[in-house]
Amino acid sequence: MFDVHATEEEDKLVLLCALNRLGGCTEEQLLRFVVETGLVSQFRFFLALGGLKESGFVREAHHVEGTILILTPQGRQSVELFGSQIRASQQIRLEENAGNWRRRIRDEQQMPADWKETDNGFVVTLRALEGGAEIFNLTLTTATKAQAKRFCQRWPARAPYLYQTIMEQLGETARQEEPEKE
């Protein structure tokens with residue numbers, strides 16, 4: 001599980017290295033990565049991240065979907081100078097998990113999904129972004145919160161297929177269509 005002997009400085013270094021490998025991501029995405037991979041506990045995450053922001057190693061930047069965390073030049077330099085100081089077990093976890101999480105985070109940023117409760121059930125909004133511009137937006141109503149959450153979780157992986165299918169069904173297909181008869 002978590003390394004109970006890690007110091008706050010080690011936690012900060014782990015967060016810097018994680019952010020370096022993941023690229024820009026939201027605070028929630030970074031938290032999920034380090035907690036789910038057993039790198040840092042949730043409590044220690046917030047302590048370490050607060051210190052990194054305060055000292056100027058990490059800054060917040062605006063993104064189409066909100067605020068993301070990015071390394072400052074000081075943060076990058078710290079990773080270069082001290083990244084090898086991370087314990088081997090944590091380096092292995094970073095190495096094994098960062099690639100998949102980086103793709104997952106990119107998909108979440110390019111294909112955001114959100115839900116909210118209304119009087120008629122749960123409204124789910126599924127979107128696709130390209131180059132910072134919205135190219136697709138679909139709003140659905142579900143009966144249960146579990147179903148709304150499931151739609152949001154599945155959207156990033158299935159968005160390209162669904163978008164292509166809708167375009168084929170409503171637009172022109174790859175094969176030549178017969179002219180419509182009046």
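Looking only at distances, a side-chain donor or acceptor of Thr72 sits under 3.5 Å from a matching main-chain atom of Gly56.
In plain terms, the two heavy atoms of Cys152 and Val124 that are nearest each other are SG-CG1, 4.0 Å. The two residues Gln90 and Leu39 have their closest heavy-atom pair at NE2-O, 3.3 Å.
With sequence neighbours excluded, no residue forms a salt bridge (Lys or Arg N to Asp or Glu O under 4.0 Å) with Glu9. For Glu60, the side-chain hydrogen bond (donor to acceptor under 3.5 Å, both in side chains) test picks out Lys53, with sequence neighbours left out. With sequence neighbours left out, Glu28 forms a salt bridge (Lys or Arg N to Asp or Glu O under 4.0 Å) with Arg32. Residues that satisfy the side-chain hydrogen bond (donor to acceptor under 3.5 Å, both in side chains) test with Gln164, not counting sequence neighbours, are Glu168. Residues passing the ring pair (Phe, Tyr, Trp, His ring centres under 6.0 Å) test with Phe122, sequence neighbours excluded: Trp115.
A 4.5 Å side-chain heavy-atom check between Phe136 and Leu126 finds every atom pair outside the cut-off. The side-chain heavy atoms of Leu15 and Phe57, taken from C-beta on, include no pair separated by under 4.5 Å. Side-chain contact between Asp107 and Trp155 is absent, with no heavy-atom pair separated by less than 4.5 Å.
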For residues 96-106, please give each side-chain donor-acceptor pair under 3.5 Å, one per line with the distance, not counting sequence neighbours.
residue, atom, partner, partner atom, Å
Asn97, ND2, Arg93, O, 2.8
Asn100, OD1, Arg103, NH2, 2.5
Arg102, NH1, Arg21, O, 2.8
Arg102, NH1, Leu22, O, 3.4
Arg103, NH1, Gly99, O, 3.4

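Linking ILVMFWY residues whenever their side-chain heavy atoms come closer than 4.5 Å, directly or via other members, leaves Ile68 and Met111 in distinct clusters.
Here the rule is side-chain contact (heavy atoms from CB on, under 4.5 Å) with Leu16, and of Asp11, Val79, Ile86 only Val79 fits it.
How far NZ of Lys116 is from OG1 of Thr125: 6.5 Å, rounded to the nearest 0.5 Å.
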